[in-house]
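Written out below as structure tokens is the structure these notes cover.
One-based numbering, in listed order, for ligands and for the atoms of each.
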Amino acid sequence: MTRDVRAIVIDIEGTVSSIAFVRDVLFPYARDRLPGFVAARGHTPEVRRQLDAARALAGEPELDDAALVARLQRWIDEDRKATPLKALQGLIWADGYENGDLVATLYPDAVTALRTWHADGFALYVYSSGSVLAQKLLFGHTSEGDLQPLFNGFFDTTTGPKLEAPSYEAIVDAIGVPGHGVLFLSDSIGELDAARAAGLRTIALDRGEAVLRSGHTHASTDSFAHIDARTGEVAAV
Ligand SMILES: CSCCC(=O)C(=O)COP(=O)(O)O
Ligand SMILES: [Mg+2]
């Protein structure tokens, strides 16, 4: 039985894109436009469904739209990974990518490695707290062009929270590759712990933007260039 890696699952924020791009560009873009977006599109079934889901999550089904918008903006400030908020952010970012306000910037080493790994036959997947729509938009509108064709699939928190092992078990099931054949890359030690508990291989990306939780036992690197995709290990540099 081969023990080689066959599929690679990547996180976005802090892994292929900077934390600053998400925190300082994407989040404020959605936060600023949320009131106008809800006023203009809050009556549509898709947006109404997400607003109602946010009310349910808040435990306040009677919140009016203005109070709900304020609550959602607070959740953005708190970096809450709430699924309805993430769905609404994705819908707002769609306008921004389409009208040219937004262009995703990715770490160059990540773009190079993803292209190489795809050409080498690895199956590539994304697992992010951002909605699947937001993920497709981001990879579809990068400064390096449309990178969506590199990926075999996208997973978000509708599969499960990123800090819980069953989410990774569900992803492995969906991919159809045993856990030891799947490599997960993330800047979050909590996510890597959950993935490892589900049997995946793990590498921590330490981009220097944030301090990774100390005392972890995951292999770690500051660049995709140092990752041996076949073995799932960090190459000696
Ligand atoms: C799809 S880009 C926006 C990512 C996002 O909304 C977020 O909260 C970052 O989460 P990640 O799981 O990619 O660290
Ligand atoms: Mg991350």
May I ask you to identify the nearest protein heavy atom to [atom], giving residue, atom name and distance to one decimal place in Å?
atom	answer
atom 9 (C) of ligand 1	Glu13 OE1, 3.0 Å
atom 13 (O) of ligand 1	Ser128 OG, 2.7 Å
atom 12 (O) of ligand 1	Lys162 NZ, 2.6 Å
atom 2 (S) of ligand 1	Leu138 CD1, 3.6 Å

Give a yes or no on whether the ring-centroid distance for Phe139 and Phe151 is below 6.0 angstrom.
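They qualify: ring centres under 6.0 Å apart.
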Tyr127 ring center near Tyr168 ring center (under 6.0 Å):
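Distance test on ring centres: under 6.0 Å, yes.
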By residue and atom, what protein N/O/S atoms are less than 2.8 Å from the Mg ion (ligand 2)?
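Near the Mg ion (ligand 2), below 2.8 Å, one finds Asp11 OD2, Glu13 O, Asp187 OD1.
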Pi-cation contact, Phe21 with Arg23 (under 6.0 Å, within 45°)
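Because its charged atom misses either the 6.0 Å distance or the 45° angle limit, Arg23 does not stack over Phe21.
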Between Lys136 and Val126, does the side-chain contact (heavy atoms from CB on, under 4.5 Å) criterion hold? Intermediate values first, please.
CA-CA 9 Å; Lys136 290 179 175 175; Val126 181; over 6 Å; no
Proximal atoms of ligand 1 relative to [X] (non-hydrogen, under 4.0 Å):
X	value
Phe27	6 (O), 8 (O)
Ala134	1 (C)
Lys81	7 (C), 8 (O), 9 (C), 10 (O)
Ser129	8 (O), 10 (O), 11 (P), 12 (O)
Trp93	3 (C), 6 (O)

Is it the case that ligand 1 has an N or O less than 3.5 angstrom from some N or O of Asp187?
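No: no nitrogen or oxygen of Asp187 is under 3.5 Å from one in ligand 1.
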Could an N or O of ligand 1 be found under 3.5 Å from any N or O of Asp79, whether backbone or side chain?
no
Measure the acute angle between the ring planes of Trp93 and Phe27, then classify it against the limits of 30° and 60° as parallel, tilted or perpendicular.
parallel
Backbone of [Y] reached by a side-chain donor or acceptor of [X] within 3.5 Å:
X	Y	value
Asp187	Asp206	no
Thr221	His226	no
His118	Leu150	yes

With a 4.0 Å cut-off on heavy atoms, is Tyr127 touching ligand 1?
no
SB check [X] [Y] (cutoff 4.0 Å):
X	Y	result
Asp65	Arg55	yes
Arg41	Asp95	yes
Lys81	Glu13	yes
Arg31	Asp77	yes

Can you tell me which residue among Thr112, Leu205, Thr116 is in a side chain to side chain contact (heavy atoms under 4.5 Å, CB included) with Phe224?
Leu205
Of the choices Arg80, Lys86, Glu191, Arg23, which has the non-hydrogen atom that lies closest to atom 5 (C) of ligand 1?
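Minimum heavy-atom distance to atom 5 (C) of ligand 1 goes to Lys86.
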For atom 11 (P) of ligand 1, the option (of Val132, Asp11, Ile12) bearing the nearest heavy atom
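Residue with the shortest heavy-atom distance to the ligand atom: Asp11.
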